[in-house]
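Predicted model, so just to flag it, every value in this text is computed and none were measured.
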Amino acid sequence: MTSRTDQIPPAPEPDRRRPAPLRMVSGLEETERITVLVRAQDRLSRTGVLSLLAAGPRIEPVLSTDVADIDVTLVVSTSVTSSVMEELRALAGSGRPPCVLVLDHLGDADLFAMVEVGVRALVWRSEATGERLLQTIRLVRRGGVYLPAEIQEMLVDAVARVQQTVLAPRRLTASGLDAREIDVIRLVAEGFDTAEVARQLAYSERTVKTILYGMITRHGLANRSQAVAYAIRAGVL
């Protein structure tokens, strides 16, 4: 007589050499549709991008700026041309949402212009697969930023040049405050009055008042309390 255990084959051992692929899913991807305004400099790029985006779950690509509730703008071009900049400025000026830029290359002079018009992510055309575009769009929709490593390096170098050639000769820092203003406002924030600040820094009281007045006037502030709040927001306190 055959036993019951002989009739049921043993379960196969799991193959631990091939782990199941991980799938990252955010609540935004599952519950909200993302409307993407697509702008491309040529018909071929536009057609290709529309095809890639159409394959994404809960992604709705559109071509018209008249569509309400656009979440992300996707602009495709070979480079940052004057026409691209005009369009980006127009979109930014109309209160449009953040932009993902797809380019072949980016010049040094275009870095700050790109940031100025609300570009939150840059993807090289050679790397613009459907998956990469969809991930980047979702990231930007959640408030994130994506820049290739080489662009991050370019941006850091550009900021350093501005500091050395524009701000430093004027005794300014990236906060918009000069070194003397920072010294004074730090002491004011600690509760020192004008006379005490003057003694700490070996300034005259008149000099301290002049420094504070210059800072308050230049930044459109009302008083010392607002000056301290501005310094906190600027990251110097």
Side-chain angles (χ1 to χ4, degrees), residues 72-73 75 80-101 106-122 139-140 142-237:
V72 176
T73 299
V75 177
V80 181
T81 62
S82 58
S83 60
V84 168
M85 283 304 304
E86 288 176 8
E87 182 157 27
L88 288 174
R89 289 193 179 99
L91 292 170
S94 63
R96 289 292 181 182
C99 175
V100 175
L101 198 56
L106 182 75
D108 289 348
D110 300 322
L111 279 172
F112 288 119
M114 181 183 73
V115 175
E116 176 189 346
V117 294
V119 173
R120 302 283 294 178
L122 172 65
L139 173 67
V140 169
R142 295 193 297 267
V145 176
Y146 172 76
L147 296 175
E150 59 270 34
I151 298 301
Q152 296 180 41
E153 294 176 4
M154 288 172 60
L155 192 56
V156 169
D157 291 342
V159 171
R161 286 196 299 272
V162 170
Q163 173 65 38
Q164 295 167 2
T165 62
V166 178
L167 299 179
R170 295 167 174 78
R171 296 178 57 83
L172 294 173
T173 64
S175 65
L177 304 177
D178 67 31
R180 296 200 309 171
E181 288 172 340
I182 293 173
D183 289 340
V184 168
I185 202 63
R186 281 177 175 165
L187 293 176
V188 170
E190 292 177 13
F192 293 103
D193 61 23
T194 302
E196 292 169 326
V197 172
R199 284 196 297 272
Q200 289 277 344
L201 298 176
Y203 292 159
S204 68
E205 291 187 35
R206 182 174 182 177
T207 297
V208 172
K209 291 178 180 178
T210 299
I211 292 171
L212 284 171
Y213 177 79
M215 175 184 171
I216 290 170
T217 302
R218 190 171 72 255
H219 296 287
L221 307 173
N223 50 44
R224 294 187 181 193
S225 296
Q226 286 193 7
V228 170
Y230 177 90
I232 292 172
R233 291 194 301 271
V236 299
L237 295 182

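R180 and T210 are not linked by any side-chain donor-acceptor pair at a separation below 3.5 angstrom, with hydrogens and angles left out of the test.
A donor-acceptor pair under 3.5 Å is formed between the side chain of R186 and the backbone N or O of V236. The main-chain N or O of N223 is never found under 3.5 Å from a side-chain atom of Q226 such that the two would form a donor-acceptor pair. Without hydrogens or angle criteria, E181 side chain to D178 main chain gives a donor-acceptor distance under 3.5 Å.
Smallest separation of non-hydrogen atoms from A121 and V119: O-CG1, 3.4 Å. Residues S204 and T207 approach most closely at OG-OG1, 2.8 Å, considering heavy atoms. Of all heavy-atom pairs between A227 and L221, the closest is CA-CD1, 3.5 Å. Minimum interatomic distance between V72 and P97 (heavy atoms only, all atoms of both residues): N-CG, 3.8 Å. Shortest non-hydrogen contact noted between V228 and L237 is O-CD1, 3.7 Å. For T194 against E205, the heavy-atom pair with the smallest separation is CG2-O, 3.8 Å.
When side chains are defined from C-beta on, Y146 does not count as touching V100, because their heavy atoms never get closer than 4.5 Å.
Atoms CG and CD1, on L106 and I151 in that order, are 4.5 Å from each other to the nearest 0.5 Å. The distance from the CG atom of D183 to the CD1 atom of I211 is 8.5 Å, given to the nearest 0.5 Å. In this structure, the separation between CE on M154 and CG on L111 is 4.0 Å, given to the nearest 0.5 Å. Atom CE of M114 sits about 7.0 Å away from atom CG of L101, to the nearest 0.5 Å. With values rounded to the nearest 0.5 angstrom, T73 atom OG1 is found 13.0 Å from R120 atom CZ. Atom OG1 of T81 and atom CD of E87 lie 9.0 Å apart (nearest 0.5 Å).
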